[in-house]
Amino acid sequence: MAEILPQDIALDAASRLLLAGEPVAIPTETVYGLAADATSGEAVARIYEAKGRPRFNPLIVHVADVAMAERFAEFSTLARRLAGMFWPGPLTMVLPHRAGSGIHPLVRAGLDTIAVRCPEGFGRDVVGRIGRPLAAPSANVSGRVTATTAQAVNAALGDRIRLVVDGGPTRVGLESTIVKVTDEGLVLLRPGGVAAEDIEAAAGMPLQRDAKDVQAPGMLASHYAPRARIRLNVTDVKPSEALLAFGPDRASGAEKAAEMRNLSPSGDLRQAAANLFSYLSALDAANAETIAVEPVPRHGLGEAINDRLARAAAPRETGRQEI
Ligand code: TXA
Ligand code: MG
């Protein structure tokens, strides 16, 4: 089982583990989060590993204040007003991602938007202490009920992580409200800890909730689809194809590839997960018609990697895909 430390004495231990790239379960005012350094791909991959998530959903980036959030996202006047009203607190805003933010691509799962929130309490304190943003999904095992006490977190994840910070039962008890802020207005993506009516009153405009605009959590339309065709489980590379390789052994014809990236030369799935989105877009930018992908094992993080690759390879008549 993980060590459980009361929050008033946990700041040093949690900071040390987070800076070393380890995930730590932390209390927020909504639910417990499984936090990791959002600037490190391997640290973020460990979140997925611990949660056993079979696919890469984009994660919320937790910040200490608006100034920090503005390093990662483009804030409109409306977004600034909402942050001023509701932060710190249970409001997450989905905003355009700021290029060169330093947030690892795995956090956004390839999207060109980013979800940011400033939590109350320990989560905010630890971000302030380490001076880095934290990616943190709810601290439950994928598909199981969300944890609102340290004991529930420990029961679910205790054998997979080293530290659970105990802040007592969370104040809100359900996740943050997620609102997408665009030039056209506000879209409610997930109801949560801030009432939609309160956001509407602060914004002076209604929230859009019509089905075609609302993307259910975990079922988001992806704006990221490679331009190139994707050919999976390739054992023979054709000349002029770009190659996304995995492991120490190469498919035949690999030397003729127009461009190559190896997700993990040693065959480490955590490293492969961390590299997946940036390597796919690097190969896409090389302008090959097809990206050939070597087989990636399906165990552990390999399940989520294969899920994302299959979605990237799927026909996309609508121009949108689930991720
Ligand atoms: O209260 C909360 O929000 C908690 C605490 C720990 O902060 N976190 C949480 O995270 O609920 P998670 O990963 O369980 O849910 C985050 C949701 C997911 O449904 C994800 O699809 C959505 O946020 N999301 C993240 N980035 C997004 C983006 N760029 N666009 C749209 N939705 C996004
Ligand atoms: Mg969740």
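Indexing begins at 1, ligand by ligand and atom by atom, following the structure's order.
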For I178, atoms of ligand 1 separated by under 4.0 Å from a heavy atom = 17 (C), 22 (C), 23 (O)

Can we say D65 and R124 salt-bridge, meaning some charged N sits less than 4.0 Å from an Asp/Glu carboxylate O?
-> no

Any heavy atom of H62 sitting closer than 4.0 Å to ligand 1?
-> yes

List in chain and number order the residues that pass side-chain contact (heavy atoms from CB on, under 4.5 Å) with A274, two or more places apart in sequence or in another chain; answer none if no residue qualifies.
-> E42, H104

Does one side chain, of R270 or S264, offer a donor that lies under 3.5 Å from an acceptor on the other?
-> no

Side-chain donor-acceptor contact under 3.5 Å, R117 with T28 | yes

From atom 8 (N) of ligand 1, work out which of A136, G192, S142 has a heavy atom at the shortest distance.
-> A136

For ligand 1, which atoms sit closer than 4.0 Å to a heavy atom of R117?
-> 1 (O), 2 (C), 3 (O), 5 (C), 7 (O)

Distance filter under 4.0 Å to S138 heavy atoms, resulting ligand 1 atoms = 8 (N), 9 (C), 10 (O), 12 (P), 14 (O)

Within-2.8 Å protein N/O/S contacts of the Mg ion (ligand 2) = S138 OG

Under 4.0 Å from one or more heavy atoms of V94, ligand 1 contributes atoms 28 (C), 29 (N), 30 (N), 31 (C)

At a 4.0 Å cut-off, with the gap strictly under it, does some heavy atom of R190 reach an atom of ligand 1?
-> yes

D37 side chain reached by L18 side chain, heavy atoms, under 4.5 Å | no

Give a yes-or-no answer on whether the side chains of S266 and D268 include a donor-acceptor pair shorter than 3.5 Å.
-> no

Pick from P137, S176, A35: the one approaching atom 10 (O) of ligand 1 most closely through a non-hydrogen atom = P137

Closest to atom 4 (C) of ligand 1 (heavy atoms only, candidates L111, V31, L189) is V31

For T113, atoms of ligand 1 separated by under 4.0 Å from a heavy atom | 28 (C), 29 (N), 30 (N)

